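Everything on this sheet refers to the single structure shown next.
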Amino acid sequence: MLRHKNAIVTGSTSGIGLAIANALAGSDCNVMLNGFGDQVLIEREMAEFRNKYPSVKVDYSPADMSNADDIAGLVAQAEDVLGSVDILVNNAGIQFTAPIEHFPADKWDSIIAVNLSASFHSIRAALPGMKKRNYGRILNIASVHGLVASAHKCAYVAAKHALVGLTKVVALETAEYNITCNAICPGWVHTPLVQKQIEDRAASEGIDEKKASEELVGEKQPSKRFVQPEYIGDLVLFLCSEAGAAFTGAPINIDGGWLAQ
Ligand code: NAD
């Protein structure tokens with residue numbers, strides 16, 4: 001479906017980004033992977049991609065998404081190695097939780113940098129090529145926390161709300177170029193980012209991780225089930241398809257009913 005298209009998926013060494021990269025490569029899209037992690041595991045991931053998707057070009061960039069120069073380098077590397085950036089998935093993200101008066105200032109700065117400013121820098125670098133080719137699909141992985149708040153997540157909620165705002169501006173500025181820009185807003189997805197919150201909850205309440213996980217999901221998500229990373233991969237494919245061409249500037253929640261309440 002996406003043969004001859006080239007994508008960057010930031011933060012694709014783990015969780016949701018890895019599932020999105022698999023979905024794109026499974027649709028014959030060339031993919032630039034990115035993210036932190038053990039070098040040996042990253043090389044194994046690259047080898048798995050090449051094995052599973054032999055007709056797809058796969059490359060990896062270690063760009064730090066909190067660094068504007070690295071992000072420009074990531075886009076340049078994708079244009080050079082893959083040939084263009086047709087699909088840009090801004091997925092890399094981090095979390096830290098604490099009441100605002102105890103929230104460390106450096107955590108605020110790094111969450112704003114990775115969860116918000118990185119998307120500004122990558123979109124800014126990738127758009128000229130998209131406009132020239134009259135095609136682009138930009139997917140900003142926001143969160144339900146781009147639309148509602150939870151306590152103890154000041155930086156995350158601020159960054160994700162702002163990312164939804166950025167999405168709308170980019171959609172307006174690109175509407176006549178066959179470029180779309182949408183914000184995907186997942187509820188709870190069981191990834192390392194959420195595992196940490198489950199462990200913290202288990203420790204603070206003196207309960208086991210299974211109970212902590214059920215409580216965490218149950219209190220916000222009426223389905224009482226995690227959203228699967230693969231569902232988000234499939235949503236990205238839909239938004240990249242012809243049927244998705246009229247979706248732009250939209251926050252799209254995939255949240256087991258969280259925001260219906
Ligand atoms: P994860 O921790 O499994 O993956 C995060 C990825 O980002 C990893 O590949 C990591 O290496 C990368 N990363 C972190 N900092 C980076 C940096 N400075 N430079 C480059 N890469 C960096 O987390 P996840 O749950 O898969 O989260 C992915 C995105 O989905 C995030 O933006 C997150 O906010 C969002 N999200 C997650 C959930 C959830 O419940 N898991 C819900 C809503 C939104």
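Note: hydrogens, waters and symmetry copies are ignored here, and every other heavy atom, side chains too, is used. Whatever order the structure lists them in is the order used to number ligands and atoms, beginning at 1. Owing to the predicted nature of the structure, the values given are computational and were not obtained by experimental measurement.
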Original post:
For ligand 1, is there an atom lying under 4.0 Å from some heavy atom of Pro192?
Top reply: yes
Subject >> Side-chain H-bond candidate by donor/acceptor type, Asn22 with Lys52, under 3.5 Å >> reply: yes
Original post:
Which ligand 1 atoms does Ser14 reach within 4.0 Å, using its non-hydrogen atoms?
Top reply: 1 (P), 3 (O), 4 (O), 8 (C), 9 (O)
Original post:
Has ligand 1 got any nitrogen or oxygen that is less than 3.5 angstrom from a nitrogen or oxygen of Gly11?
Top reply: yes
**OP:** Side-chain contact test, heavy atoms from C-beta onward, threshold under 4.5 Å: evaluate it for Val189 versus Phe226 and give yes or no.
**Re:** no
Subject >> atom 31 (C) of ligand 1: the protein heavy-atom neighbour that sits closest, reported with distance to 0.1 Å >> reply: Asn91 O, 3.1 Å
**OP:** Could you tell me whether ligand 1 has any atom less than 4.0 Å away from a heavy atom of Ile141?
**Re:** yes
Original post:
Short N/O distance, under 3.5 Å, between Val189 and ligand 1?
Top reply: yes
**OP:** Name the closest protein heavy atom to atom 27 (O) of ligand 1, giving the residue it belongs to and the distance to 0.1 Å.
**Re:** Leu193 CD1, 4.1 Å
Original post:
So, is Asp64 polar-close to ligand 1, with some N/O to N/O distance under 3.5 Å?
Top reply: yes
**OP:** State whether the number of non-hydrogen atoms from other residues, nucleotides or ligands found under 6.0 Å of Lys196 atom NZ is greater than 12.
**Re:** no
Subject >> Heavy-atom gap Ala118 to ligand 1 smaller than 4.0 Å >> reply: no
Original post:
Quick one: nearest non-hydrogen protein atom to atom 34 (O) of ligand 1, plus distance?
Top reply: Tyr156 OH, 2.6 Å
Original post:
What distance do Asn90 atom CG and Met65 atom CE have between them, rounded to the nearest 0.5 Å?
Top reply: 6.0 Å
Original post:
Measuring from Gln39:CD to Arg44:CZ, what's the distance to the nearest 0.5 Å?
Top reply: 12.5 Å
Original post:
Which ligand 1 atoms does Gly15 reach within 4.0 Å, using its non-hydrogen atoms?
Top reply: 3 (O), 26 (O)
Subject >> Protein residue, atom and distance nearest to atom 26 (O) of ligand 1, heavy-atom basis >> reply: Ile16 N, 2.8 Å
**OP:** Identify, by atom number and element, the atoms of ligand 1 in contact range of Thr13, meaning under 4.0 Å from any of its heavy atoms.
**Re:** 8 (C), 9 (O), 11 (O)
Original post:
Does a donor on one side chain sit under 3.5 Å from an acceptor on the other, for Asn6 and Ser84?
Top reply: yes
Original post:
Any non-hydrogen atom of Gln95 lying under 4.0 Å from ligand 1?
Top reply: no
**OP:** Quick one: pull up NZ in Lys160 and CD1 in Ile141 and give me the separation to the nearest 0.5 Å.
**Re:** 8.0 Å
Subject >> Ligand-side contact atoms (ligand 1) for residue partner Ile94, heavy atom cut-off under 4.0 Å >> reply: 14 (C), 15 (N)
**OP:** Calculate, to the nearest 0.5 Å, the distance between atoms CG and CE belonging to Asp28 and Met1 respectively.
**Re:** 10.0 Å
**OP:** For Val194, take its heavy atoms, then give the atoms of ligand 1 lying under 4.0 Å from any of them.
**Re:** 39 (C), 40 (O), 41 (N)
Subject >> Salt bridge present between Glu214 and Lys210 (N-O < 4.0 angstrom) >> reply: yes
Original post:
Against heavy atoms of Ala92, which atoms of ligand 1 measure under 4.0 Å?
Top reply: 7 (O), 21 (N), 22 (C), 32 (O)
Original post:
Just distances here: any N/O of Met65 and N/O of ligand 1 closer than 3.5 Å?
Top reply: yes
Original post:
Any idea which protein heavy atom is nearest atom 24 (P) of ligand 1, and the distance to it?
Top reply: Thr191 OG1, 3.5 Å
Original post:
What atoms of ligand 1 come closer than 4.0 angstrom to any heavy atom of Val114?
Top reply: 18 (N)
Subject >> hydrophobic_cluster_shared for Leu147 and Ile252, side chain cutoff 4.5 Å >> reply: no
Subject >> atom 43 (C) of ligand 1: the protein heavy-atom neighbour that sits closest, reported with distance to 0.1 Å >> reply: Pro186 O, 3.3 Å
Original post:
Which protein non-hydrogen atom lies closest to atom 16 (C) of ligand 1, naming both residue and atom, and how far is it?
Top reply: Phe36 CE1, 3.5 Å
Subject >> 4.0 Å heavy-atom contact, Pro229 with ligand 1 >> reply: no
Original post:
Within a radius of less than 6.0 Å around CZ of Arg50, do more than 12 heavy atoms belonging to other residues, nucleotides or ligands occur?
Top reply: yes
**OP:** Decide yes or no for Leu33 and Val58: does some side-chain heavy atom of the first lie under 4.5 Å from some side-chain heavy atom of the second?
**Re:** yes
Subject >> Heavy-atom side-chain contact between Leu127 and Thr174 under 4.5 Å >> reply: yes
**OP:** Using a strict cut-off of 4.0 Å, indicate which atoms of ligand 1 neighbour a heavy atom of Trp188.
**Re:** 40 (O)
Subject >> In one Ile/Leu/Val/Met/Phe/Trp/Tyr side-chain cluster, 4.5 Å: Met32, Tyr53 >> reply: no
